[in-house]
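All values below come from the heavy atoms of this structure, side chains included, with hydrogens, waters and symmetry mates left out.
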Amino acid sequence: GGNVYSTSGLNAIMGVKGSDDFYLREYKNVTFPHGETLTVKGVTIELIPVTITPIALTPIQKDLISGYYVAGEDFAAGTYDLTAIKGGGNVICALKLNEIMGVDDSDFYIKEYKNVTFVKGDVLDIRGLTLRLTPR
């Protein structure tokens, strides 16, 4: 038995001695960032690498305030209806969308924009309003 610890916070007493709960025999799902230092004292351990499969985001209704949002990271890639729910301003996605949207009753704003498809990596730029994304 002995101690296993890392620079990112792992600190475990591991071993196979006795039948008590003092020693951990396994420690699962530990992620070590690039350049991590792992220190092992008094015990031999086996590191078993596991390939992590990313989980696809499922499109859900989402309200976004002014900012930049990346499809596939900040919201799921997919097809959405866009609805202004507060304020007014610009909604831009290069080569797909460049609209002035808002909630005021005016010919200046549109309140909804339907059927916009965002693919992974598309950047949605929202300026001056809160926008609701509703999956189709």
Side-chain angles (χ1 to χ4, degrees):
N3 199 352
V4 178
Y5 56 95
S6 72
T7 54
S8 65
L10 173 67
N11 189 358
I13 299 172
M14 300 187 73
V16 293
K17 293 181 182 176
S19 61
D20 59 21
D21 290 333
F22 187 74
Y23 291 101
L24 294 174
R25 292 183 66 90
E26 290 183 68
Y27 206 99
K28 293 185 176 189
N29 299 321
V30 178
T31 301
F32 296 114
H34 181 73
E36 178 77 3
T37 300
L38 181 66
T39 304
V40 180
K41 293 185 176 184
V43 64
T44 301
I45 64 169
E46 178 184 10
L47 297 175
I48 303 170
V50 177
T51 301
I52 298 172
T53 304
I55 298 171
L57 296 172
T58 301
I60 59 170
Q61 182 173 297
K62 191 164 185 106
D63 293 348
L64 303 172
I65 61 172
S66 292
Y68 295 104
Y69 301 92
V70 179
E73 293 177 20
D74 300 310
F75 63 96
T79 302
Y80 293 87
D81 288 341
L82 311 179
T83 307
I85 60 172
K86 183 179 179 185
N90 294 85
V91 179
I92 303 162
C93 184
L95 305 177
K96 290 182 187 226
L97 178 67
N98 188 356
E99 293 294 333
I100 300 171
M101 297 183 70
V103 296
D104 291 344
D105 288 325
S106 163
D107 290 336
F108 189 69
Y109 294 121
I110 62 169
K111 291 182 181 182
E112 288 186 307
Y113 196 96
K114 295 192 175 278
N115 211 26
V116 181
T117 300
F118 298 102
V119 297
K120 185 177 179 179
D122 279 348
V123 177
L124 177 61
D125 179 1
I126 301 170
R127 300 176 189 180
L129 72 148
T130 301
L131 188 70
R132 176 165 291 154
L133 277 66
T134 305
R136 302 256 325 150

Rounded distance (nearest 0.5 Å) linking atom [atom1] of [X] with atom [atom2] of [Y]:
X    : Y    : atom1 : atom2 : answer
T117 : L97  : OG1   : CG    : 11.5 Å
Y109 : L129 : OH    : CG    : 8.5 Å
D81  : R132 : CG    : CZ    : 12.0 Å
L64  : D125 : CG    : CG    : 11.5 Å
T79  : R136 : OG1   : CZ    : 8.0 Å

Minimum heavy-atom separation for [X] and [Y], please, with both atom names.
X    : Y    : answer
K120 : A77  : N-CB, 3.7 Å
T83  : E112 : OG1-OE2, 3.7 Å
S66  : R127 : OG-C, 3.6 Å

Give a yes or no on whether [X] and [Y] share a hydrophobic cluster (residues Ile, Leu, Val, Met, Phe, Trp, Tyr; joining criterion: side-chain heavy atoms under 4.5 Å apart).
X    : Y    : answer
V116 : I110 : yes
L131 : I92  : no
I100 : I126 : no
L133 : Y113 : yes
I48  : I45  : no

### Message
Through direct or indirect side-chain contacts below 4.5 angstrom among Ile, Leu, Val, Met, Phe, Trp and Tyr, which residues connect to I85?
### Response
none
In the structure I gave you, are the side-chain heavy atoms of [X] and [Y] within less than 4.5 Å of one another anywhere?
X   : Y    : result
K96 : V119 : yes
L38 : L10  : yes
V16 : Y23  : no
V43 : N3   : no

For a quick test of your reading: what N or O donor-acceptor pairs under 3.5 Å do the side chains of residues 68-76 make, sequence neighbours left out?
| from | atom 1 | to | atom 2 | distance (Å) |
| --- | --- | --- | --- | --- |
| Y69 | OH | I65 | N | 3.4 |
| Y69 | OH | I65 | O | 2.7 |
| D74 | OD2 | V70 | N | 2.7 |

### Message
Suppose we screen for salt bridge (charged side-chain N to carboxylate O under 4.0 Å, His left out). Which residues come up paired with K111, at least two apart in sequence or across chains?
### Response
D105
